[in-house]
Amino acid sequence: MDVVVLPTAADVAAHAADVVAERIAAEPATVLGVATGSSPVGIYRELARRRREEGLDLSRLECFALDEYTGLAPEDPHSYAAYLQREVADPFGLPSARVHVPDGTREDRERAAQKYEQSIAAAGGIDLQILGIGTNGHIGFNEPLSSLSSRTRVLALSAQTRSDNARFFDAPDDVPTHCLTQGLGTILEARQLLLVAQGERKAEAVAAAVEGPVAARCPASVLQFHRRTTLVLDEAAASRLTLGEYERPGRRA
């Protein structure tokens, strides 16, 4: 793992956007895996700014979401389809057809999961996967004790994850109980992984992922097996790391 520690969340967003833009410069038709939630928003907004102000060409991207709640229609503002329309498709100038999201409304959800795996394969696989990390170490919606070789599937959300995500809903009981998520095995097939984390609340999970053993108790620890993984953290998220001198570009002496 390459671990980059920066002073602020804004620095994290800018550095992570550099990583994405470098990939796009090398391959304009990049297949980009897009996470949701609060962690990656700064990346998307920085890329959109560069598109507006600097002419960054995002028009050839093909995007695949990590996950989606079950039971929410794509037009529901709480769905990840709606999130990605707001934060990725519209600001990047992409047609909705180029931003793929698992179909959480299908009655046959297992078939929806299989179809999503097939669509990723048909696109040639994910070139660069953006990730966040949950306070319990989940990536995507792969909760603790998920199989380290799992594929896209239906999962029940843990009480902790539903509590953490309640801030995005009108009431805690409105948070869906299940999701469709790329599996850990699916995520590991991406050619490059980019995980961002900000804030003290993520520090324990980050430390377990980077310095702990690879174990299903911390799903993000499976990233230790990937050949090309970069973590970009602010100082607060990195505050529990103890074992090494990680890269701190631009840090004041």
Side-chain angles (χ1 to χ4, degrees), residues 1-68 74 77 79-102 119-120 122-133 139-140 182 186-187 189-199 223 226-234 237 247-251:
M1 288 181 170
D2 293 326
V3 179
V4 180
V5 182
L6 295 161
T8 70
D11 296 323
V12 168
H15 187 91
D18 287 342
V19 174
V20 178
E22 181 180 347
R23 184 83 196 202
I24 294 169
E27 177 48 74
T30 288
V31 179
L32 184 66
V34 285
T36 51
S38 56
S39 295
V41 167
I43 305 174
Y44 304 143
R45 294 180 180 175
E46 175 61 16
L47 290 170
R49 184 197 67 77
R50 295 182 191 188
R51 173 179 177 261
R52 291 191 312 270
E53 299 178 9
E54 302 174 11
L56 178 63
D57 184 6
L58 304 173
S59 65
R60 296 179 61 190
L61 291 177
E62 193 87 13
C63 299
F64 285 86
L66 269 176
D67 42 38
E68 177 59 288
S79 73
Y80 287 150
Y83 169 106
L84 291 170
Q85 188 68 40
R86 293 191 302 268
E87 299 292 347
V88 173
D90 290 343
F92 288 12
L94 293 173
S96 298
R98 296 184 73 87
V99 181
H100 307 272
V101 184
S119 66
I120 293 173
I126 306 291
D127 292 313
L128 171 59
Q129 176 67 62
I130 297 171
L131 299 165
I133 186 170
I139 52 174
Q182 287 187 40
T186 311
I187 291 168
E189 288 180 354
R191 297 173 184 88
Q192 182 177 359
L193 302 176
L194 173 64
L195 185 147
V196 293
Q198 307 95 346
L223 302 185
H226 197 274
R227 64 194 178 279
R228 193 177 181 192
T229 298
T230 300
L231 284 79
V232 187
L233 316 169
D234 68 7
E247 184 181 358
R248 285 175 160 83
R251 186 182 184 189

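Residue numbers run from 1 in the order of the sequence given.
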Where is the tightest heavy-atom contact between [X] and [Y], given as atom of each residue plus distance?
X    : Y    : answer
L223 : L131 : CD1-CD1, 4.0 Å
A17  : L47  : O-CD2, 3.8 Å
A35  : G132 : CB-N, 4.1 Å
V196 : I43  : CG1-CD1, 3.8 Å
I130 : L66  : O-CD1, 3.9 Å
L84  : A65  : CD1-CB, 3.5 Å

Interatomic distance, [X] atom [atom1] to [Y] atom [atom2] [nearest 0.5 angstrom]:
X    : Y   : atom1 : atom2 : result
L94  : Q85 : CG    : CD    : 9.5 Å
L233 : H15 : CG    : NE2   : 10.0 Å
R60  : L32 : CZ    : CG    : 14.5 Å
R23  : L61 : CZ    : CG    : 11.5 Å

Find out whether [X] and [Y] are in side-chain contact, i.e. whether some heavy atom of one side chain is under 4.5 Å from a heavy atom of the other.
X    : Y    : value
R45  : P91  : no
F92  : L56  : no
R191 : R227 : yes
R98  : C63  : no
L231 : M1   : yes
Y80  : P102 : no
T229 : L195 : no

For this session: Might you work through the side chain to side chain contact (heavy atoms under 4.5 Å, CB included) test for D57 and I24, ending with a clear yes or no?
Result: CA-CA 8 Å; D57 184 6; I24 294 169; over 6 Å; no

Exercise. Any idea how Y83 and Y44 line up, ring-wise: parallel (<30°), tilted (30 to 60°), or perpendicular (>60°)?
Worked result: perpendicular

Exercise. If you measure only the distance, is there a donor-acceptor pair under 3.5 Å linking the side chains of D67 and Q182?
Worked result: no

For this session: Determine whether more than 12 heavy atoms belonging to other residues, nucleotides or ligands lie under 6.0 Å from atom CD of E54.
Result: yes

Exercise. Does a salt bridge link E46 with R50, judged by any charged N lying under 4.0 Å from a carboxylate O?
Worked result: yes

Exercise. Could you walk me through whether D127 and Q192 pass the side-chain hydrogen bond (donor to acceptor under 3.5 Å, both in side chains) check?
Worked result: CA-CA 6 Å; D127 292 313; Q192 182 177 359; over 6 Å; no

Pair up each side-chain donor or acceptor in residues 4-11 with any protein partner under 3.5 Å, not counting sequence neighbours, and list the distances.
residue, atom, partner, partner atom, Å
T8, OG1, A10, N, 3.4
T8, OG1, D11, N, 3.1
T8, OG1, D11, OD2, 2.9
D11, OD2, T8, N, 3.2

For this session: Indicate yes or no for a side-chain donor-acceptor contact from H226 to the backbone of I187 under 3.5 Å, with no hydrogens or angles considered.
Result: no

